[in-house]
Structure formats: C-alpha cells, structure tokens
Engineer: 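Before we start, here is the structure in question, set down as structure tokens.
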Amino acid sequence: MVSKGKVAPKKNTKPLSDEQVRILGQKHNLADSTRPFPTGERKANVEEINAQNPKETQRLLNAACSQIRFRCNCKAWGLENVPEAGQFITACTHVTQMDVFVPMTALFNLGRRPRFMAKAEMANWPILGKYFRYVGMQPVARNSGKAKAIEEESIDILTSGRPLTIWPEGTVTREPHRWPMSLKPGLGIIALEASRRLGRQIPLHVCVTWGAANINHWLPFINRKNVVMAYDKALDYSDLLEGCETWGETPPKEAVLRLSERVRARMEELMSEIRGEKPPEEGYWDYRSSSYAPRVSEREYARRAIEKSKARAEKNAQ
C-alpha cells in the first residue's frame, strides 16, 4: 500500500523477449508500423492529409519513424482494424513517452490524420512542440479546471468527421509493474456524448504498446529492444447508449464509469497477451488513492444497475 499523494516506485520489468515476439507472431500478423501502409494497399484519406499541414506532418512522421527504428524493433498487429474513412477514437496505454509516437506514426502511415490529445506542456517543447501543433495536437491543460471545454472541443472534432486519439490514463501509468491504471472520465464522456449527437456509436479502438519501458534512452542504439503494439477491433458499447435521448446535458456517470472500466479491462487483457504475463491479482492501480482497487466485472455493474432501478421504482411508488 502506498499512501495517498505518493507515487509507487517502479519495479523492474522483463524486456519483451525474442521468444515472446515469436509466439505473438504465430498468432497474429505482425507488421512494421514504422513503414508506409504496413498492412498492404489501402486508400489514404487524401482530404484529411491535405487538411493537416501535409509537408510538416510528413517531416515529423519521417523523423519519428527513423527514431523508433533506431531505438527498437517495433511490430504491430490489428492495424487492418483502422478505418479508411470517418471518425473513430483510439484509446492508448501510456507506459512511457514513446507510447505517444508509436500509435501516432502507425495511424499516420495508414493514411489517417487523427487529432490527438496531449498534455499542454508538450506544445512548448523545443522544436518538437511546433510540429506537434502543426500535426493536430489538442493541448490539454491538466488541473486547469477546463475539463468541460476540453471535452467539448474533442466532441466537436469527432462530430466534424475527424478521428481522435486519447491517452485516457491522463499521464504515464503509476502502476508499479507498469500495467494500465484507472482512466480519467473524459474518454467515456467524449465517446458517449459524441455518439449521441451523431445518432450512432462511434468506433472506439483500444491500442496497447509494450516494450519501450526497457529502452536505455541514453544509449538507445545498444541492444535495441522489442516493442509490440496491438490495435484492437472496435469495442462495443451500444448498450450504454440505450435511452441516450433522455440523458440531459451529459451522459450519466454510471455509463461513463462502465465504459472507462470496459476500456481499461481490455487494455489489461491485450497487455497481458503481449507480455505473456498475468496482471496483478490485487486488482488495478487507482490513481487517486495510489493503491490497488478491486476489479469490477460487467456482471457486478449489471447487478448494481438493477438495484438502482428497483430503488428508483420504489421511491416513485411512495
């Protein structure tokens, strides 16, 4: 147990071995996500590309892909799940800062140009900060009290037809073994409210990257580490949109929590497969309490919903 407000010390994690990559390769079609169109021929979204500073974006893409190849052996599966057109949401894990560049370059190499949410400080980074703004970064001022405005801007991005990439943990995971931790509610609010306004479920894809935590960033060219990314099929949350016309101004808290937990649980499952390890038996890491919290199953959420519904019915009958 770690006292509230303190960060748990990170424990050593095993590098992703060649043998584990071989096992993953037997089950999945691993592709080099740093190369153009890694899954084969597909239609690039030319309109989206031309609308997002194409020359500057291509320069950043080339530089980022070169650096990733220099630092690691990067492979990915599931990239065929990325839609060729239309809006979609990508919810990514955040183990290291490289977890920003790996999914971003993969999506760009597939001919898409998602806007992406990132901490506002990145916009002020020397040189890179300028390019981040060029290529569609949506600065998120953390602890600014502007969550509502940020969520509204993100919803507008989706309803206008653009894809959006989010790192819903809000920062690098604090889980001691670097498993996904609790998610911020913004992802659930954005996905549910944007879907309600469009009148249909927006595709929501979970994206997990693992392996970069073991890279020696001072000597990256020595013993390049294996990094594997999984891009999952669209997550179904249509049940959480039932009755959305009666929500009022915002999605109900329960639906937001259920979607957040559904995404976090899927992140954990995919990371477990990549690592070849089981997640902590103690539960998942809760950022606010800086301790482990018990996992909540879909069955438990359903039971709680039934109890609340019965309580409301009894209250109305009185």
Side-chain angles (χ1 to χ4, degrees), residues 83 86-92 114-120 138-171 181-206 234-267 284 286-289 293-318:
Q87 62 273 93
F88 62 94
I89 302 169
T90 304
C92 305
R115 297 286 302 277
F116 59 98
M117 297 176 68
K119 60 183 180 181
Q138 182 194 5
V140 176
R142 298 178 294 179
N143 303 317
S144 65
K146 299 180 180 179
K148 182 66 176 176
I150 294 169
E151 290 162 3
E152 189 62 36
E153 182 180 352
S154 301
I155 292 167
D156 288 342
I157 289 170
L158 290 166
T159 54
S160 69
R162 290 291 296 275
L164 179 68
T165 300
I166 303 175
W167 287 263
E169 291 165 281
T171 187
M181 65 176 180
S182 57
L183 308 187
K184 302 291 185 181
L187 169 65
I189 294 171
I190 292 166
L192 292 168
E193 181 59 22
S195 294
R196 175 172 74 153
R197 295 185 189 182
L198 286 173
R200 57 180 173 81
Q201 177 181 261
I202 295 176
L204 170 56
H205 300 267
V206 173
L235 187 75
D236 182 25
Y237 57 100
S238 56
D239 57 311
L240 303 180
L241 291 167
E242 293 178 4
C244 62
E245 63 278 358
T246 64
W247 282 352
E249 292 186 2
T250 57
K253 183 179 179 179
E254 181 182 346
V256 171
L257 291 175
R258 288 186 68 177
L259 180 53
S260 296
E261 175 56 21
R262 203 172 287 183
V263 170
R264 191 208 60 78
R266 187 58 182 150
M267 285 178 169
Y284 70 93
D286 180 63
Y287 179 77
R288 288 191 174 185
S289 66
R295 298 177 180 87
V296 182
S297 66
E298 283 290 324
R299 180 176 296 181
E300 176 62 17
Y301 272 120
R303 186 189 66 78
R304 293 178 184 180
I306 292 172
E307 287 185 353
K308 288 181 180 180
S309 179
K310 287 181 178 179
R312 284 194 297 267
E314 291 175 357
K315 185 178 180 179
N316 293 333
Q318 292 177 354

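Along the sequence shown, the residues carry numbers beginning at 1.
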Engineer: Can we say Glu151 and Lys148 salt-bridge, meaning some charged N sits less than 4.0 Å from an Asp/Glu carboxylate O?
Structural biologist: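 No, this pair does not count.
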
Engineer: Run the side chain to side chain contact (heavy atoms under 4.5 Å, CB included) check on Leu187 and Leu204 step by step: do they pass?
Structural biologist: CA-CA 10 Å; Leu187 169 65; Leu204 170 56; 4.2 Å; yes

Engineer: Looking at residues at least two apart in the chain, or sitting in another chain, which of them share a side chain to side chain donor-acceptor pair (under 3.5 Å) with Ser160?
Structural biologist: none

Engineer: Would you please name every residue forming a side-chain contact (heavy atoms from CB on, under 4.5 Å) with Leu198, sequence neighbours left out?
Structural biologist: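 Partners of Leu198 by the side-chain contact (heavy atoms from CB on, under 4.5 Å) criterion, ordered by chain and then number, come out as Gln87, Thr159, Arg200, Ile202.
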
Engineer: Would a 4.5 Å heavy-atom cut-off, applied to side chains only, mark Thr171 and Tyr287 as touching?
Structural biologist: yes

Engineer: When you check the gap from the basic side-chain N to the acidic O, do Arg197 and Glu245 get nearer than 4.0 Å?
Structural biologist: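 Looking at Glu245 together with Arg197, the answer is no, because their closest N to O distance does not fall below 4.0 Å.
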
Engineer: Below 4.5 Å, heavy atoms only, C-beta onward: do Pro83 and His205 meet side chain to side chain?
Structural biologist: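 When only atoms from C-beta onward are counted, His205 and Pro83 do touch, with a gap below 4.5 Å.
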
Engineer: Minimum heavy-atom separation for Ile190 to Ser154, with atom names?
Structural biologist: CD1-CB, 3.6 Å

Engineer: Looking only at non-hydrogen atoms, find the nearest pair between Ser260 and Gly188 and report the distance.
Structural biologist: OG-N, 4.3 Å

Engineer: For the pair Arg262 and Asp239, find out whether any cationic side-chain nitrogen is under 4.0 Å from an anionic carboxylate oxygen.
Structural biologist: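 Salt bridge present between Arg262 and Asp239.
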
Engineer: Kindly compute the distance separating CG (Leu192) from CH2 (Trp247), expressed to the nearest 0.5 Å.
Structural biologist: 4.5 Å

Engineer: Listed by chain and number, what are the side chain to side chain donor-acceptor pair (under 3.5 Å) partners of Tyr237, not counting sequence neighbours?
Structural biologist: Ser195

Engineer: Kindly compute the distance separating OG1 (Thr165) from CD1 (Ile89), expressed to the nearest 0.5 Å.
Structural biologist: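 Between atom OG1 of Thr165 and atom CD1 of Ile89 there are 10.0 Å.
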
Engineer: Rounded to the nearest 0.5 Å, how far apart are CZ of Arg258 and CG of Leu240?
Structural biologist: 5.5 Å

Engineer: Do Met267 and Pro168 come close enough that some side-chain heavy atom pair is under 4.5 Å?
Structural biologist: yes

Engineer: Checking Ser238 now: which residues fulfil side-chain contact (heavy atoms from CB on, under 4.5 Å) with it, not counting sequence neighbours?
Structural biologist: Gln201, Asp236

Engineer: So which heavy atom on Leu158 is nearest to which on Ala194, and how close?
Structural biologist: CD1-CB, 3.9 Å

Engineer: Closest approach of Val263 and Ala91, non-hydrogen atoms and distance?
Structural biologist: CG1-CB, 4.0 Å

Engineer: Return the CE to CZ distance between Met181 and Arg288, rounded to the nearest 0.5 Å.
Structural biologist: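 Reported to 0.5 Å precision, the distance equals 12.0 Å.
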
Engineer: Rounded at 0.5 Å granularity, tell me how far CH2 in Trp167 sits from CG in Leu183.
Structural biologist: 14.0 Å

Engineer: Rounded to the nearest 0.5 Å, what separates atom CD1 in Ile157 from atom CD1 in Ile155?
Structural biologist: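 If I round to the nearest 0.5 Å, the distance is 10.5 Å.
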
Engineer: How would you list, by chain and number, every residue that makes a salt bridge (charged side-chain N to carboxylate O under 4.0 Å, His left out) with Arg196, sequence neighbours excluded?
Structural biologist: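 With sequence neighbours excluded, Arg196 shows a salt bridge (charged side-chain N to carboxylate O under 4.0 Å, His left out) to Glu193, given in chain and number order.
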
Engineer: Using salt bridge (charged side-chain N to carboxylate O under 4.0 Å, His left out) as the criterion, list what pairs up with Asp286, not counting sequence neighbours.
Structural biologist: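 Here no residue qualifies.
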
Engineer: What pair of heavy atoms forms the shortest contact from Thr246 to Gly243, and how long is it?
Structural biologist: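 Closest approach of Thr246 to Gly243, heavy atoms only: OG1-O, 2.7 Å.
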
Engineer: Please walk me through it: do Glu169 and Arg264 pass side chain to side chain contact (heavy atoms under 4.5 Å, CB included)?
Structural biologist: CA-CA 9 Å; Glu169 291 165 281; Arg264 191 208 60 78; over 6 Å; no

Engineer: Quick one: are Val206 and Thr90 in side-chain contact, heavy atoms under 4.5 Å?
Structural biologist: no

